[in-house]
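Below, read A as the first sequence line, B as the second, and so on, with proteins coming before strands; counting in each chain starts at 1.
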There are 2 protein chains.
Amino acid sequence: MKLSANEEYGLRCLVRIGYAGEGGNVTIPEMSQAEGVSPAYAAKILRVLRKGGFVKAARGKDGGYTLARPAESIVIGDVMDVLGGRIFESSFCDSHAGQAAICTRSVDCSVRSLWRAVQVSVDQVLSKATLRDLLQNEEDMNTWVRAIPGAKGLHSIQ
Amino acid sequence: MKLSANEEYGLRCLVRIGYAGEGGNVTIPEMSQAEGVSPAYAAKILRVLRKGGFVKAARGKDGGYTLARPAESIVIGDVMDVLGGRIFESSFCDSHAGQAAICTRSVDCSVRSLWRAVQVSVDQVLSKATLRDLLQNEEDMNTWVRAIPGAKGLHSIQ
DNA sequence: CCTAATCTGCACTTTTTAGTCAAGATTACT
DNA sequence: AGTAATCTTGACTAAAAAGTGCAGATTAGG
Ligand code: FES
Ligand code: FES
């Protein structure tokens, strides 16, 4: 249950494009430099974001990437789904099925229930976060996080 | 942010051993059969659980695996840490640092703040779940999940 | 039309994770 | 002691994810 490289760099690139603001565009060499990844790799990640409909690219001289829509309409949960998939997908239990009583695409599996709970818990945070929320500094972000309704316990973030 | 094979099978094996109850032991061939993985792979996973201190093994004829301590004292969060690591580890931002203003082991990174929030959110569920909780059927488990204090929104689980 | 700056697509290599194999060590039973 | 059932270990192979390379397409500007 770790973040994949795709998720990490993908989100960071998206934030960087968001920073450029309406009309401002960011090129692959710029992002490569800023995030410390190779241009080729940045390009690969950007492709995923583009195919996901979060950014659009302009080719040719003076080209680069821009947000495909306003930052406040880009939900981080959706971005993460595209970049790295979900923790709990029901297909998982089908393909990784065992043979005995529990965990056999069983209608009665407590483990599956737990995964679902974890997924819901994550969604609770990621579905409320938009790119707009990330375009602020860490302190403001922490304030935002503490304000997530129903996310008690997150108060432990300092 | 997907479950790794280690996490999935590891937890399932642990549950299976838990089912055997105090004194009851489960062998590698049995687990292999039940979970639909090869004996060798089951052995590899069990080793992780053993080194993590969750199960203990008895060798020789009539050997097998037993819980190292009572199910209610085995916290699933701890098991997951051993099986697959955590979503947000502060070392991550050091090793994957970029070079520009944001995300450079920066003291001011909103993305990092979000990862922390997600981690806390997951911990909220996994630190409250013990193996005992998993040794019940899915329906009871769902009831348990809904009762997590502060986990509003999890009510959407049906 | 030419050039330089840019994105695009796909195939490739490297690294990590998943999964296998085989030889060895331990124990219960006779 | 001998045998069969069991776990233990480390090295091996296979698959997936991460990361690279390159030839091509697009655009702005002269
Ligand atoms: S059915 Fe998927 S974990 Fe049990
Ligand atoms: S410092 Fe780690 S994501 Fe920004």
Side-chain angles (χ1 to χ4, degrees), chain A residues 1-13 16-17 20 24-33 35-68 80 82-85 89 92 95-96 98, chain B residues 1-13 16-17 20 24-33 35-68 80 82-85 89 92 95-96 98:
Chain A
M1 225 157 64
K2 284 196 273 216
L3 288 171
S4 68
N6 252 6
E7 288 166 323
E8 172 71 13
Y9 292 123
L11 188 52
R12 268 152 58 160
C13 285
R16 204 162 287 281
I17 294 169
N25 68 341
V26 188
T27 68
I28 285 176
E30 281 166 1
M31 258 172 298
S32 157
Q33 250 275 293
E35 301 298 349
V37 300
S38 73
Y41 190 35
K44 190 173 186 174
I45 292 166
L46 265 306
R47 175 145 81 132
V48 177
L49 288 175
R50 175 169 50 88
K51 296 216 162 177
F54 304 113
V55 302
K56 58 187 175 195
R59 285 180 168 195
K61 203 166 186 322
D62 302 340
Y65 291 88
T66 319
L67 292 185
M80 296 304 281
V82 166
L83 289 172
E89 319 196 43
F92 189 93
S95 57
H96 292 69
Chain B
M1 225 157 63
K2 285 196 273 217
L3 287 171
S4 68
N6 251 5
E7 289 167 324
E8 172 72 13
Y9 292 122
L11 188 52
R12 268 152 58 162
C13 285
R16 203 162 287 280
I17 294 169
N25 67 342
V26 187
T27 67
I28 285 176
E30 282 165 0
M31 259 171 296
S32 156
Q33 250 275 294
E35 302 298 348
V37 299
S38 73
Y41 190 35
K44 190 173 186 175
I45 292 166
L46 266 305
R47 174 144 81 136
V48 177
L49 288 176
R50 175 170 49 86
K51 296 214 164 180
F54 304 113
V55 303
K56 60 188 174 193
R59 286 180 166 195
K61 200 162 186 326
D62 302 340
Y65 292 88
T66 320
L67 292 186
M80 295 306 279
V82 167
L83 290 172
E89 319 197 41
F92 189 93
S95 58
H96 291 69

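- Of the listed nucleotides (dT27(C), dT26(C), dG10(D)), dT27(C) has the atom at the smallest distance from the side chain of K61(B).
- The nearest whole Å value for the distance from the NZ atom in K2(A) to the P atom in dA16(D) is 19 Å.
- Contact annotation for P39(A): no contact, since no heavy-atom pair falls under 4.0 Å across all strands.
- We find that CG of L3(B) is positioned 14 Å from P of dA17(D), with the value rounded to whole Å.
- In terms of modelled atom types and a separation under 3.5 Å, the side chain of E30(A) and the main chain of T27(A) share a donor-acceptor contact.
- Proximity note for T27(A) (side chain, C-beta onward) versus dT8(D), dA18(C), dC7(C): the nearest is dC7(C).
- One distance of note links OH of Y9(B) with CG of L49(B); it measures 14.5 Å at 0.5 Å rounding.
- Each of D62(A) and L46(B) lies near DNA chain D, and the nucleotide nearest L46(B) is the one positioned closer to the 5' end.
- Distance, L83(B) CG to dA18(C) P: 11 Å, rounded to whole Å.
- The nearest whole Å value for the distance from the CD atom in E7(B) to the C1' atom in dT16(C) is 15 Å.
- Remark: P of dT17(C) and CE of M1(A) are 16 Å apart, rounded to the nearest angstrom.
- Between S38(B) and the phosphate of dT20(C), there is a side-chain N or O to OP1/OP2 separation shorter than 4.0 Å.
- In terms of phosphate contacts, R59(A) brings no side-chain nitrogen or oxygen within less than 4.0 Å of OP1 or OP2 of dA5(C).
- In this structure, G60(A) and K44(A) both approach DNA chain C, and ranking their closest nucleotides by distance from the 5' end singles out G60(A).
- If you take CD1 of I45(A) and C1' of dG9(C), they are 16 Å apart, rounded to a whole angstrom.
- Among the nucleotides dA18(C), dA18(D), dC7(C), the one closest to any side-chain atom of N6(A) is dA18(D).
- Within the model, atoms SG of C13(A) and OH of Y65(A) stand 9.5 Å from one another, a figure rounded to the nearest 0.5 Å.
- Put simply, NZ on K56(B) is 17 Å from C1' on dT6(D), counting in whole angstrom units.
- OP1 or OP2 of dT8(C) sits under 4.0 Å from a side-chain N or O of Y65(A).
- Atoms CD1 and NZ, from I17(A) and K56(A) in turn, are 12.0 Å apart once rounded to the nearest 0.5 Å.
- R47(A) comes within 4.0 angstrom of a nucleotide base, judged by non-hydrogen atoms across all strands.
- Rounding to whole angstrom units, OH of residue Y41(A) and C1' of dA18(D) are separated by 5 Å.
- Between R50(A) and dT8(C) there is a side-chain polar atom (N or O) within less than 4.0 angstrom of OP1 or OP2.
- Proximity note for A40(B) (side chain, C-beta onward) versus dG9(C), dT27(C), dC21(C): the nearest is dC21(C).
- One N or O on the side chain of N25(B) and one on the backbone of D62(B) form a donor-acceptor pair closer than 3.5 Å.
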